[in-house]
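Before any comments, here is the structure.
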Amino acid sequence: MAWHSFDLDRKAQDLTLKYRDKDVLNESHKMRVTVTYGLERFWGEHLRLMNKPKNEDDYKKGEFWLATWKELVKIMKIAGIKVPEPEIPNDKKNNLRNGESIRRDRNGNFETEDIQNMTNQLWDKKHFPIEHQRVTLAVLTQFCDSLIWWTQRYKKSEKPEK
């Protein structure tokens, strides 16, 4: 088996540049820590952050987490591993916000059914074997390390107090 980089560093650089002006890059450090708790917790963190109004900082941080997850799914697909993604049924109520991975109810809360569906997929060893989970975690760890590296290079300096 030959080693293949899957362009992790390049993809991390691209994500860092895309989110540089949104003041969310420090999240890369939190992402790296969260990897140690598993894929389920890493995936779910965007829900906590995006459960805020769209104009708040936490929502923007959630978008960065979600973009990182989506990029991981693409990377693993190239590696031949299918990482679960939310399967959102047709939403007749139009409660899905643009760019989010889970439907919302009329009160703006994420739909429990969709969350349950996704976490079940992540825990399902038949369709997402433990070997694939381990490889995905290893790749996610390296991807987050690359995000941190680029964050340290591209992070904007703190604004001086006046």
Side-chain angles (χ1 to χ4, degrees), residues 1-88 96-104 108-110 114-115 118-119 121-123 128 131-162:
M1 182 166 83
W3 178 80
H4 191 283
S5 73
F6 297 102
D7 294 324
L8 292 181
D9 203 46
R10 177 63 184 261
K11 290 173 183 179
Q13 181 187 34
D14 290 346
L15 261 181
T16 304
L17 289 170
K18 179 179 178 181
Y19 284 90
R20 183 173 185 249
D21 294 330
K22 297 182 181 189
D23 294 323
V24 298
L25 295 184
N26 280 339
E27 290 300 300
S28 62
H29 298 279
K30 295 174 187 171
M31 289 179 189
R32 179 59 180 85
V33 170
T34 303
V35 169
T36 62
Y37 295 106
L39 294 170
E40 310 79 21
R41 292 187 187 185
F42 187 95
W43 173 80
E45 186 63 11
H46 83 278
L47 297 177
R48 181 183 71 80
L49 293 164
M50 292 175 82
N51 207 22
K52 309 289 191 302
K54 206 166 189 172
N55 59 345
E56 286 190 19
D57 290 342
D58 278 355
Y59 190 92
K60 294 174 189 170
K61 291 173 184 177
E63 289 177 320
F64 185 40
W65 280 80
L66 182 57
T68 301
W69 180 264
K70 287 180 176 182
E71 196 60 48
L72 172 70
V73 169
K74 290 178 195 173
I75 292 165
M76 297 313 297
K77 187 175 184 179
I78 293 168
I81 294 176
K82 184 181 182 322
V83 175
E85 293 181 89
E87 294 177 13
I88 301 170
L96 180 67
R97 287 190 181 178
N98 188 23
E100 292 181 353
S101 63
I102 298 291
R103 291 177 301 164
R104 291 182 184 254
N109 298 307
F110 290 107
D114 291 346
I115 296 169
M118 179 59 179
T119 56
Q121 289 180 61
L122 288 168
W123 287 101
F128 191 38
E131 297 81 17
H132 289 187
Q133 293 177 30
R134 288 178 181 151
V135 170
T136 302
L137 269 173
V139 170
L140 181 57
T141 300
Q142 186 61 46
F143 191 49
C144 288
D145 286 345
S146 294
L147 284 170
I148 290 169
W149 198 91
W150 288 112
T151 292
Q152 291 170 338
R153 269 92 196 142
Y154 295 154
K155 185 179 164 187
K156 293 182 177 185
S157 61
E158 297 293 323
K159 295 177 182 154
E161 290 185 29
K162 293 181 181 178

Could you state the interatomic distance from [atom1] ([X]) to [atom2] ([Y]), rounded to the nearest 0.5 Å?
X	Y	atom1	atom2	value
Thr34	Glu40	OG1	CD	12.5 Å
Gln121	Leu39	CD	CG	12.5 Å
Ile81	His132	CD1	NE2	4.5 Å
Phe6	Ile78	CZ	CD1	7.5 Å
Leu8	Leu140	CG	CG	10.0 Å

If we only count heavy atoms from C-beta on, is the [X] to [Y] side-chain gap below 4.5 Å?
X	Y	result
Glu27	Thr68	no
Arg104	Asn51	yes
Val73	Lys77	no
Arg153	Trp149	yes
Cys144	Phe42	yes

Heavy-atom closest pair, residues [X] and [Y]:
X	Y	value
Ser146	Asp9	OG-OD1, 3.5 Å
Thr151	His29	CG2-NE2, 4.4 Å
Val24	Phe64	O-CD2, 3.6 Å
Leu122	Trp43	CD1-CB, 4.1 Å
Leu137	Val35	CD2-O, 3.5 Å
Trp65	His46	CB-CB, 3.8 Å

Note to self: Please check: side-chain N/O of Trp150 versus main-chain N/O of Asp14, any donor-acceptor pairing under 3.5 Å?
What the structure shows: no

Next item on the list: Using atom types as modelled and distance alone, determine if a side-chain donor or acceptor of Arg32 lies under 3.5 Å from a backbone N or O of Ser28.
Entry: no

Next item on the list: Report the residues that fulfil salt bridge (Lys or Arg N to Asp or Glu O under 4.0 Å) with Asp57, sequence neighbours left out, ordered by chain and then residue number.
Entry: none

Checklist line | Lys156/Asp21 salt bridge by N-O under 4.0 Å criterion | finding: yes

Check: Salt bridge between Arg48 and Glu45, side-chain N to carboxylate O under 4.0 Å?
Finding: yes

Margin query: Before you tell me yes or no, could you show the steps for Tyr19 and Glu63 under side-chain hydrogen bond (donor to acceptor under 3.5 Å, both in side chains), namely the whole-Å CA-CA distance, both residues' side-chain angles and the distance that decides it to 0.1 Å?
Written below: CA-CA 9 Å; Tyr19 284 90; Glu63 289 177 320; 5.6 Å; no

Next item on the list: May I ask you to check whether Trp123 and Phe128 place their ring centres under 6.0 Å from each other?
Entry: no

Note to self: Are more than 12 heavy atoms, taken from residues, nucleotides or ligands other than Tyr37, located less than 6.0 Å from that residue's OH atom?
What the structure shows: no

Note to self: Check this for me: Lys22, atom NZ, are more than 12 non-hydrogen atoms of other residues, nucleotides or ligands nearer than 6.0 Å?
What the structure shows: yes

Checklist line | Verdict with reasoning, Asn26 to Lys61, per side-chain hydrogen bond (donor to acceptor under 3.5 Å, both in side chains) | finding: CA-CA 9 Å; Asn26 280 339; Lys61 291 173 184 177; over 6 Å; no

